Amino acid sequence: MAQERHCFGEYDIAVIGAGHAGCEAALAAAKLGLRTVVFAVTLDGIANMACNPSIGGTAKGQLVREIDALGGTMGKAADATAIQVRFLNRAKGPAVYSPRAQIDRRQYQIYMKHELERTPNLDLKQGEIVEILTETPENGGRPRVSGVVTHLGAYYKCRCAVACTGTYLKGRVIVGENSYSSGPDGQFPANKLSASLKAAGHTIIRLKTGTPPRVNGLTVDYSALEIQNGDEPPFTFQFDPEDADPRGVAGGGSQIPCYLTHTTNETHNIIKANLHRSPLFNGSIEGVGPRYCPSIEDKIMRFADKDRHQIFLEPLGRETEEVYLQGLSSSLPEDVQLDFVHSIPGLENVSVMRPAYAIEYDAIDATELELSLESKLVDGLFCAGQINGSSGYEEAAGQGLIAGINAAQKLKGREPLILDRSEAYIGVLIDDLVTRGTKEPYRMMTSRAEYRLLLRQDNADARLTEKGYAVGLISEARYRRFTERQQRITAAADALEATHLSPGEIVNTFLDRQGSSRVHSGVSAADLLRRPELTLAALQEVLPADVKATIEALAPVEAEQVEILIKYSGYIQRELVQVEQFRRLEKQRIPDNVNYADVPSISNEAREKLAKIRPASIGQAMRITGVSPADIAALMVYLHRFGRGTDPGNGAEGGERG
């Protein structure tokens, strides 16, 4: 079929979609030396923030830091276009510290589009992909990607494709009684690609998300609102920024405040009186919405005991007056939206520029993917972002980066980069989607990570930069600076552990001033730092000159890591023991050719789930919903026999997964 078409170009990798997943996938593949093409339905929609104009937040900030540590681009783009930065959860401990930046939406798009345009090995094209072409190998096996076709009939040959379709896939926008075919922000949908994915054997599911109204900030009464300023000094998502971009706040740009208001009883009464007109409640919406980011009508009904809900006013950029009403997502009719918006303090006379809307879209069942994000059904097809059932820019970008890396690794004949749950939030995200699947848009949260004290935002470089360097996305110069940084952190922590302070008047007077108990025998500087009331900055007062100089030589982010490593050393060691137990189970590989129909003494549900997902290890099998400990025990007994070649059904030992 492909031979009969006019070929408009030959590429190693074709990336379908240029949202947050597509941008990371395309940039990674091209930087790794593969000839890459990325298609966008419209070039004006590249890296669009169709929902809130921000990057990071709880758990999401960790994802952005990990993307940067691996050599991705989102953190760099966010730093260049931030208009406000804040650290969330500072009162809750370092395991959940989460950086968040308010972003100039248009400048972010411009920045990312320019990155795509100027990256070697990468072509950027406007076009809707309507079909993924495959061919069957001569020796049989699953079909493999051979090309893609645009809505204009243009055929492009490729060896791998990365589908990053966002909410465009058969997108349908719903506002009250009105619905129409559309992508986000009034852009064209991608209506035909779902059929191609379904024809390849993928299960198509229907999901839903939504956005709130946008208003003209000049019509807001800010005197009635609570101001929220950014943090000073501002942070960067990048661990190793080459230069502070002057457009972002870290480069000297001013921080723009956000504001907080709340719904009222009148707001709630207006919404309750019009629930019969809500597509969420009258059955007009088929897709399943995000549990952890509900619409305002959903919140009012689910949390009926609350008499108000927070609404954050977030500016969309420096050169626009448009303001995003975070927390007010809705699919109610436009006239109802106007009424409830005007019932909120500060918004009584506001001019609504864009009404809220819900959008339904197609996705696939992510359990049909390998942990590398390659399809189990089509050789060379990778999927990333909302097509896999996730929500959020950061979740999409993390998947896109991994998919782009692994498409390149595949074509280079190398092992895929697979991050496990103990290594990264990205690993938790992908493992959850691929192993458990999802029936609603998946959102990353710190509570999903079992080892979150190890997966902090401050140490993402220590966890992942080595991997980014091994793959080829981290330069020699950056890697050298990284190793020097780690050496300084280690040296400082070791010096504090080795420094013993005598119980003299100098130390005890210092402790008195800090509200800490006196010492009566020698104590290490590290043990003093483990006291909750003491900080590394304060402790320098009683340190020997050489140790103090070692600490003073640290950058602020390095000093923070040293303090966390020492203060939480006991908890960290406990999690490291748990990680060792986890990895022992991950190392118990399951041969690829196991016939689960032959495994005795397991439930029918477990047999069905194991056969569909085909876990790579006992650890992954244990995380499959519906597989019980008894099923795992029976499977392990069977695998022991299988490994010795004594199973009557399969005989041979079989090869292990990579």
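Keep in mind that what you see is a predicted model, and the values were worked out from it rather than measured. FYI, side chains are in, hydrogens and waters are out, and symmetry mates aren't considered; it's all heavy atoms of this structure.
In this structure, the side chain of Arg614 engages the main chain of Val594 through a donor-acceptor pair within 3.5 Å. A donor-acceptor pair is defined here as one N or O able to donate and one able to accept, closer than 3.5 Å; such a pair exists between the side chain of Glu24 and the backbone of Thr73. In this structure a side-chain-to-backbone donor-acceptor pair under 3.5 Å is present from Arg530 to Ile566. Checking side-chain atoms of Asn89 against main-chain N and O of Thr58 turns up no donor-acceptor pair under 3.5 Å. A donor-acceptor distance shorter than 3.5 angstrom exists from the side chain of Thr483 to the backbone of Arg480, with no hydrogens or angles considered. Distance alone, capped at 3.5 Å, places no donor-acceptor pair between the Asp631 side chain and the Ala606 backbone. The closest donor-acceptor contact from the side chain of Gln409 to the backbone of Arg414 lies at 3.5 Å or more, if one exists at all. The closest donor-acceptor contact from the side chain of Ser391 to the backbone of Tyr442 lies under 3.5 Å. Formation of a donor-acceptor pair under 3.5 Å by the Asn459 side chain with backbone atoms of Leu454 is found in this model. In this structure, Gln588 contributes its side chain and Leu585 its backbone to no donor-acceptor pair below 3.5 Å.
The shortest distance between side-chain heavy atoms of Ile132 and Ile16 falls below 4.5 Å. A 4.5 Å side-chain heavy-atom check between Gln486 and Ile489 finds at least one atom pair inside the cut-off. Side chains of Pro416 and Phe382 form no contact here, defined as non-hydrogen atoms less than 4.5 Å apart. Within the 4.5 Å cutoff, no side-chain heavy atoms of Leu193 are placed close to those of Lys170. Side-chain atoms of Ile204 and Asp365, non-hydrogen and from C-beta on, never get closer than 4.5 Å to each other. The shortest distance between side-chain heavy atoms of Val562 and Lys567 does not fall below 4.5 Å. Residues Cys158 and Val145 form a side-chain contact, since some pair of their non-hydrogen atoms from C-beta on lies under 4.5 Å apart. Inter-residue side-chain proximity for Ser524 and Leu496 is flagged as unmet; no heavy-atom pair is nearer than 4.5 Å.
Using a 3.5 Å distance cut-off with no hydrogens or angles, the side chains of Glu368 and Thr203 do pair a donor with an acceptor. Counted by atom type alone, Gln399 and Ser390 present one or more donor-acceptor pairs between their side chains at under 3.5 Å. Looking at Ser194 and Asp362, their side chains do bring a donor and an acceptor atom within 3.5 Å of each other. In the model, Glu466 has a side-chain atom that pairs as donor or acceptor with a side-chain atom of Tyr479 under 3.5 Å. For the 3.5 Å distance criterion, the side chains of Gln238 and Asp68 fail to qualify, holding no donor opposite an acceptor. Residues Tyr469 and Glu476 have side chains that bring a donor and an acceptor to within less than 3.5 angstrom of each other. Residues Ser54 and Arg100 have side chains that bring a donor and an acceptor to within less than 3.5 angstrom of each other. At a cut-off of 3.5 Å, with distance as the only test, no side-chain donor of Ser98 or Gln457 sits close to an acceptor on the other residue. For the residue pair Gln620 / Thr435, a side-chain donor-acceptor distance below 3.5 Å is found, with atom types taken as modelled.
With respect to Glu575 and Arg452, no salt bridge is recorded, no charged nitrogen being found less than 4.0 Å from a carboxylate O. Between Arg488 and Glu558 there is a salt bridge, with a side-chain nitrogen of the basic residue lying less than 4.0 Å from a carboxylate oxygen of the acidic one. A salt bridge does not link Arg443 to Glu395: none of the charged nitrogens lies less than 4.0 Å from a carboxylate oxygen. With respect to Lys376 and Glu370, no salt bridge is recorded, no charged nitrogen being found less than 4.0 Å from a carboxylate O. Salt bridge status for Asp432 with Arg623: absent, with no side-chain N to carboxylate O gap under 4.0 Å. The pair Glu605-Lys609 meets the salt-bridge criterion, with a side-chain N (NZ, NE, NH1 or NH2) lying under 4.0 Å from an Asp/Glu carboxylate O.
Close placement of the Phe237 and Phe235 rings is indicated, their centers lying within 6.0 Å of each other.
Annotation: the span from Leu429 atom CG to Leu419 atom CG amounts to 10.5 Å, rounded to 0.5 Å. In this structure, Ile426 CD1 and Leu401 CG are separated by 6.0 Å, a value rounded to the nearest 0.5 Å. We find the CG-CD distance between Asp458 and Gln62 to be 9.5 Å, quoted to the nearest 0.5 Å. Distance check: Leu169 CG to Cys164 SG gives 12.0 Å after rounding to the nearest 0.5 Å. Residue Leu373 holds its CG atom at 4.5 Å from CD1 of Ile430, rounded to the nearest 0.5 Å. Considering OH of Tyr425 and CE of Met445, their distance stands at 10.5 Å, rounded to 0.5 Å.
Considering all non-hydrogen atoms of both residues, Leu207 and Ala363 come closest at CD1-CB, 4.0 Å. Heavy atoms only, all atoms of each residue included: Tyr571 and Leu453 are closest at CB-CD2, 3.3 Å. Residues Ala634 and Ile602 approach most closely at CB-CG2, 3.6 Å, considering heavy atoms. Scanning all heavy atoms of the two residues, the minimum distance from Gly619 to Glu586 falls at CA-OE2, 3.1 Å. Annotation for Leu377 and Ala200: closest pair CB-O, 3.8 Å, computed over non-hydrogen atoms. Between Gly389 and Leu433, the shortest heavy-atom contact is C-CD2, 4.4 Å.
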Taking it one step at a time, do Arg142 and Glu374 satisfy salt bridge (Lys or Arg N to Asp or Glu O under 4.0 Å)? CA-CA 12 Å; Arg142 60 179 177 158; Glu374 184 177 10; 3.4 Å; yes

Stepwise side-chain contact (heavy atoms from CB on, under 4.5 Å) test for Gln573 and Val577: CA-CA 6 Å; Gln573 287 303 315; Val577 170; 5.8 Å; no

Set out, in order, the CA-CA distance, both residues' side-chain angles and the distance that settles side-chain contact (heavy atoms from CB on, under 4.5 Å) for Val627 and Leu610, then state yes or no. CA-CA 8 Å; Val627 177; Leu610 290 165; 4.3 Å; yes

Could you walk me through whether Lys467 and Ile474 satisfy the side-chain contact (heavy atoms from CB on, under 4.5 Å) test, starting with their C-alpha distance in whole Å, then the side-chain angles of each, then the deciding distance to 0.1 Å, before giving a yes or no? CA-CA 9 Å; Lys467 294 179 182 294; Ile474 299 294; over 6 Å; no

Output, in order, the C-alpha distance, side-chain angles, deciding distance and verdict of side-chain contact (heavy atoms from CB on, under 4.5 Å) for Ile590 and Ile618. CA-CA 7 Å; Ile590 299 177; Ile618 290 295; 4.2 Å; yes

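Counting non-hydrogen atoms of other residues, nucleotides and ligands closer than 6.0 Å to NZ of Lys92 gives a total of 12 or fewer. Atom CD of Glu608 has 12 or fewer heavy atoms from other residues, nucleotides or ligands within 6.0 Å. Counting heavy atoms of neighbouring residues, nucleotides and ligands inside a 6.0 Å radius, atom NZ of Lys31 exceeds 12 of them.
Glu394 is linked by a salt bridge (charged side-chain N to carboxylate O under 4.0 Å, His left out) to Lys60, counting only residues two or more places apart in sequence or in another chain.
Judged by the 6.0 Å and 45° rule, Arg90 forms a cation-pi pair with Tyr97. Remark: Arg65 is positioned above the aromatic ring of Phe239, its terminal NZ or CZ atom under 6.0 angstrom from the ring centre and at most 45 degrees off the axis.
Among the candidates Arg436, Arg421, Arg448, the single residue satisfying the side chain to side chain donor-acceptor pair (under 3.5 Å) test with Asp431 is Arg421.
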